[in-house]
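Have a look at the structure below, then the notes.
Quick note: numbers below take in every heavy atom, side chains included, and nothing from hydrogens, waters or symmetry partners. Read the numbers this way: they start at 1 and go in the same order the structure lists the ligands and their atoms. Numbers here are sequence positions counted from 1.
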Amino acid sequence: MAQMVMPISLFSYYEAVFPHISHLSSLCQLHVYFFPVSLSLSLSLSLSLSLSLSLSLSLPCLSLSLPCLSLSLPCLSLSLPCLSLSLPCLSLSLHCLSLLSLRCSFEECSATAEWLLSRTEIRPLVGIVCGSGLGGLAEMLKDQMAFKYSDIPNFPQSTVHGHAGRLVFGMLKGKACVCMQGRFHLYEGYPIHKVTMPMRIFKLLGVETVILTNAAGGLNQDYKVGDIMIIKDHINMPGFAGNNPLAGPNDERFGVRFPSMSDAYDRELLQLAQGVGAELGFGDFLREGVYCVLGGPSFETIAECRMMNRLGADAVGMSTVHEVIVARHCGMRVFALSLITNQAVMDYDSQEKANHEEVLETGQLRAKQLERLVSNMVTHIEHNNNDA
Ligand SMILES: O=P(O)(O)O[C@@H]1C[C@H](O)[C@@H](CO)O1
Ligand SMILES: Nc1nc2[nH]cnc2c(=O)[nH]1
């Protein structure tokens with residue numbers, strides 16, 4: 001059944017009027033179903049702490065929408081099934097579910113972290129995120145305990161080829177690590193705070209240092225396919241349009257309202273990577289540069305690539321930056337690497353076209369070196385948390 005989800009502006013109004021009804025706007029969802037048609041509206045309005053669930057059933061000629069659980073403390077809760085209509089070919093339903101279910105709240109992230117911690121004895125200090133085609137990094141972990149994303153409460157699911165969808169705990173050169181074998185992207189349709197939720201779970205698991213990897217297109221004309229770029233800074237294009245994972249109410253238990261990003265990429269870790277890279281003899285293909293994130297999933301036009309290059313970006317991709325912002329917000333140190341899997345097309349005479357198959361193939365070619373770089377770095381990382 002095709003489904004579209006969009007926030008309703010009415011609840012921006014409620015949020016303005018009742019600022020203590022945190023997160024309400026994100027909890028009001030309009031679901032449009034094409035197929036066995038129905039129109040149903042269920043509304044739940046709550047003040048203060050509340051939890052509400054609604055159940056909606058749509059069949060040709062029958063639509064039933066019930067708030068089946070509503071719990072509210074301490075003031076007021078109103079839960080009404082108010083409109084339900086059925087037509088043969090269109091289904092529209094408006095769900096207003098109160099509080100905390102979509103925003104990735106502290107409580108929700110804590111519940112997920114506790115679920116994981118009760119199932120493994122590993123207490124990770126390092127969290128690793130594997131980019132497209134780079135999931136082999138997780139295989140380096142010894143004494144593995146792996147969870148499928150589909151089994152983890154509140155966790156999103158991987159939908160992209162090259163992202164296996166497993167959270168792997170284990171030891172890397174004697175250090176306890178947790179590794180995301182597959183990440184989430186905006187273009188998969190997840191809200192930005194869901195894309196970055198694993199960073200908050202990392203934090204609650206005890207992670208102090210996050211290492212992120214990604215596949216990226218090379219904008220810098222000196223770069224070659226197969227180069228590994230240490231990210232020294234980023235340009236957050238979706239952020240320019242207000243799409244920032246920290247937008248919305250701030251929970252101080254995670255971090256401050258206005259976190260600095262001028263120190264997003266830890267300079268000591270950057271130097272450590274340069275040193276480790278030189279020791280491994282990677283000097284010929286190890287770079288340092290600026291990563292620019294776009295929403296994807298379409299690759300860039302030639303004009304867009306030229307523009308980003310002029311703005312100072314060395315590589316372009318569809319991930320990492322949102323995770324970095326949330327990781328820094330909650331005080332974890334960040335180190336990030338881009339594997340240049342393809343050269344961004346900058347020339348109208350070029351016959352080249354970016355494609356995901358090439359991205360995955362280049363990942364395979366450089367996987368071993370990337371693994372050695374990351375594992376040697378992990379050996380040297382010291383754990384004395386430097387809060388954001
Ligand atoms: O998860 P990453 O950023 O490594 O994935 C990149 C961006 C797209 O998801 C995909 C394009 O091939 O690779
Ligand atoms: N946006 C973007 N993401 C990528 N991921 C791997 N290659 C590319 C690319 O050329 N552009």
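Heavy atoms of V316 approach ligand 2 to within less than 4.0 angstrom. For G296, the closest heavy-atom approach to ligand 2 does not fall below 4.0 Å.
Among the atoms of S132, some N or O lies under 3.5 angstrom from an N or O of ligand 1. Among the atoms of F299, none of the N or O lies under 3.5 angstrom from an N or O of ligand 1. Between V359 and ligand 2, a contact under 3.5 Å exists for no N or O pair. Note: an N/O pair closer than 3.5 Å links H185 and ligand 1 by distance alone.
Counting heavy atoms from C-beta on, the side chains of T320 and V293 never come closer than 4.5 Å. With a 4.5 Å cut-off on side-chain heavy atoms, K194 and M197 count as touching. Counting heavy atoms from C-beta on, the side chains of N309 and R306 never come closer than 4.5 Å.
In terms of protein heavy-atom proximity, atom 5 (N) of ligand 2 is nearest to A215 O, 3.1 Å. Of the protein's non-hydrogen atoms, the one nearest atom 7 (N) of ligand 2 is N342 OD1, 2.6 Å. Looking only at heavy atoms of the protein, atom 3 (N) of ligand 2 is closest to G317 CA, 3.4 Å. In terms of protein heavy-atom proximity, atom 8 (C) of ligand 2 is closest to G217 N, 3.4 Å.
Nearest-heavy-atom check against atom 2 (P) of ligand 1 across R183, H356, E357, E358 picks out R183. Considering only non-hydrogen atoms, atom 11 (N) of ligand 2 lies nearest to E300 out of M318, M308, E300.
For ligand 1 and N214, the ligand atoms under 4.0 Å from any heavy atom of the residue are 3 (O), 4 (O). The atoms of ligand 1 that sit less than 4.0 Å from any heavy atom of M318 are 7 (C), 8 (C). Near S319, with a cut-off below 4.0 Å to any heavy atom, the atoms of ligand 1 are 1 (O), 2 (P), 3 (O). Close approach of ligand 2 to T341 is summarised as follows: ligand atoms under 4.0 Å from at least one heavy atom of the residue are 6 (C), 7 (N). Counting atoms of ligand 1 from 1 in the listed order, those under 4.0 Å from a heavy atom of H163 are 1 (O). Those atoms of ligand 1 with a heavy atom of G131 less than 4.0 angstrom away are 4 (O). Close contacts between ligand 1 and Y187 involve ligand atoms 8 (C), 9 (O) [criterion: under 4.0 Å to a heavy atom].
Classification of the F155-Y149 ring pair by plane angle, with boundaries at 30° and 60°, yields tilted. Using the six-membered ring where Trp is involved, H185 and H163 have ring planes that are perpendicular, over 60° apart on the 30 and 60° scheme.
Only the backbone of A216 comes within 4.0 Å of ligand 2, judged by heavy-atom distances.
Tested against H322 for a side chain to side chain contact (heavy atoms under 4.5 Å, CB included), the candidates L186, N243, N244 yield a single pass: L186.
At a threshold of 4.0 Å, the pair R333-E208 does not count as salt-bridged, since none of the basic side-chain nitrogens sits closer than that to a carboxylate oxygen. Ion pairing of E107 with R253 is present here, as a side-chain N (NZ or NE/NH1/NH2) and a carboxylate O approach within less than 4.0 Å.
The aromatic ring centres of W115 and F147 sit less than 6.0 Å apart. In this structure, Y265 has its ring center no closer than 6.0 Å to that of F335.
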Going through the checks in order, is the ring pair (Phe, Tyr, Trp, His ring centres under 6.0 Å) test met by F285 and Y223?
CA-CA 8 Å; F285 58 86; Y223 286 8; over 10 Å; no
Working note: N376 + T379, criterion side chain to side chain donor-acceptor pair (under 3.5 Å); need CA distance, chi angles, decisive distance, verdict.
CA-CA 5 Å; N376 283 23; T379 324; 4.9 Å; no
